[in-house]
Amino acid sequence: MAINFNKAEFILSAVKQSTFIRDGRPQIAFAGRSNVGKSSVINRLLNRKNFARVGATPGKTTQVNYFLIDKQIYLTDLPGYGYAKVSKAERDRWGRLMENYFQEPELITAGVLIVDSRHAPTADDVTMCQWFKESGCPMVVVANKLDKLKKREIEPNLQRVRDVLELGEDVPVVPFSAEKGDGKTELLALLTQLVQK
């Protein structure tokens, strides 16, 4: 099945478990730290400017946002973690929401974890990666902000991401630039593959 990622519509923001979408369509869950450029990656994939809101203040995504792609699959944008200047109560609420989303069997078809290619993954990234592994779904790691690296830094930095997250050989790490579009074709091909398994 070919998927036209340019045909995207926003469906809903789920603030609690009862509003998660359960209509049997595949769901690709996007997760990443609050300031890692998750919305920018999504916008680049969908060829849109401000489709997923790009916040000047990190931590703008506080719900599970559902985007329906080509009437066939959902791209779910999970709350950013680890940075946003919000109250502990609000952070706990996001945490519960995420936990509920991950604990529900059959919801997630594939996971996309976005990390910053310039730095080693954080403890929060490692935890998030663990959640994806435990959910049993296939995953892709996107090393964003590639345009900020020098050529010679790329390979060692990608290897560091792999080592810190303890990724198996079967987990692709895609060097990506939301700014310039590097890695977009490869990532779209991988996502199409994952939802067809």
Side-chain angles (χ1 to χ4, degrees), residues 3 5 7-46 48-116 121-142 144 165 178 191 194-195 197:
I3 299 165
F5 281 86
K7 285 174 73 176
E9 52 185 313
F10 172 73
I11 302 297
L12 72 89
S13 292
V15 288
K16 52 184 192 292
Q17 191 171 4
S18 58
T19 52
F20 292 158
I21 294 179
R22 302 171 179 83
D23 64 4
R25 288 185 177 101
Q27 296 187 19
I28 302 175
F30 278 67
R33 229 171 47 246
S34 298
N35 54 348
V36 79
K38 181 162 51 76
S39 299
S40 304
V41 169
I42 293 171
N43 289 333
R44 172 60 75 177
L45 287 179
L46 304 181
R48 302 290 182 87
K49 267 279 188 282
N50 291 319
F51 195 62
R53 279 195 303 277
V54 179
T57 318
K60 275 283 184 274
T61 309
T62 56
Q63 304 95 7
V64 176
N65 290 323
Y66 287 87
F67 303 106
L68 181 59
I69 312 298
D70 202 10
K71 306 265 186 245
Q72 299 183 63
I73 64 169
Y74 290 105
L75 195 155
T76 58
D77 184 9
L78 302 178
Y81 53 82
Y83 175 87
K85 297 186 174 100
V86 291
S87 69
K88 184 178 179 316
E90 179 68 357
R91 266 205 309 275
D92 291 348
R93 189 183 67 75
W94 298 355
R96 280 194 302 278
L97 188 68
M98 298 270 272
E99 245 162 75
N100 291 338
Y101 184 74
F102 274 89
Q103 279 166 357
E104 195 159 323
E106 310 298 304
L107 263 191
I108 307 176
T109 310
V112 176
L113 176 62
I114 301 168
V115 296
D116 188 330
T122 65
D124 287 329
D125 291 328
V126 173
T127 302
M128 193 76 242
C129 188
Q130 209 43 51
W131 280 17
F132 276 131
K133 288 176 187 170
E134 285 166 11
S135 76
C137 71
M139 70 180 287
V140 176
V141 174
V142 172
N144 191 26
L165 295 177
L191 297 182
L194 290 175
V195 292
K197 284 190 173 166

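Reckoned from all heavy atoms, side chains included, excluding hydrogens, waters and symmetry mates. Predicted model, so just to flag it, every value in this text is computed and none were measured.
Each of I69, I108, V112 was compared with I28 under the side chain to side chain contact (heavy atoms under 4.5 Å, CB included) criterion, and only V112 meets it.
The closest side-chain heavy-atom distance from E9 to K71 is below 4.5 Å. Annotation: side chain of R25 is in contact with side chain of L68 (closest heavy-atom distance under 4.5 Å). Here the side chains of M128 and M98 are in contact, with some heavy-atom distance below 4.5 Å. Residues C129 and M139 are in side-chain contact: their nearest non-hydrogen atoms beyond the backbone lie under 4.5 Å apart. Taking the side chain as every heavy atom from C-beta outward, V142 and V115 never approach each other to under 4.5 Å. Looking at heavy atoms from C-beta onward, Q130 lies in side-chain contact with K133 at the 4.5 angstrom threshold. Here the side chains of F30 and N65 are not in contact, with every heavy-atom distance at 4.5 Å or above. Contact annotation: the side chain of D125 never approaches that of V36 to less than 4.5 Å [non-hydrogen atoms, C-beta and beyond].
Partners of Y66 by side-chain hydrogen bond (donor to acceptor under 3.5 Å, both in side chains), not counting sequence neighbours: none found. Among residues two or more places apart in sequence or in another chain, the side chain to side chain contact (heavy atoms under 4.5 Å, CB included) test is passed with D70 by I3, N4, K7, Q72. For F132, the ring pair (Phe, Tyr, Trp, His ring centres under 6.0 Å) criterion is met by F102, not counting sequence neighbours.
Salt bridge status for D124 with R33: absent, with no side-chain N to carboxylate O gap under 4.0 Å.
Checking side-chain atoms of Q27 against main-chain N and O of I21 turns up a donor-acceptor pair under 3.5 Å. N144 contributes a side-chain N or O that, together with a main-chain N or O of A178, makes up a donor-acceptor pair within less than 3.5 Å. At least one donor-acceptor pair closer than 3.5 Å links the side chain of R48 to the backbone N or O of A8.
One finds the OG1 atom of T76 at 12.5 Å from the CD1 atom of I11 (value rounded to the nearest 0.5 Å). We find the CD-CD distance between Q17 and E104 to be 5.5 Å, quoted to the nearest 0.5 Å. A distance of 6.0 Å separates CD1 in I114 from CD1 in I42, rounded to the nearest 0.5 Å. Atom CG of L12 is separated from atom OG1 of T19 by 6.5 Å, given to the nearest 0.5 angstrom.
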Stepwise side-chain contact (heavy atoms from CB on, under 4.5 Å) test for F20 and L97: CA-CA 10 Å; F20 292 158; L97 188 68; 4.0 Å; yes
Worked check of side-chain contact (heavy atoms from CB on, under 4.5 Å) between I73 and L191: CA-CA 10 Å; I73 64 169; L191 297 182; over 6 Å; no
S40 and N43: CA distance, side-chain angles, deciding distance, side chain to side chain donor-acceptor pair (under 3.5 Å) verdict: CA-CA 5 Å; S40 304; N43 289 333; 5.4 Å; no
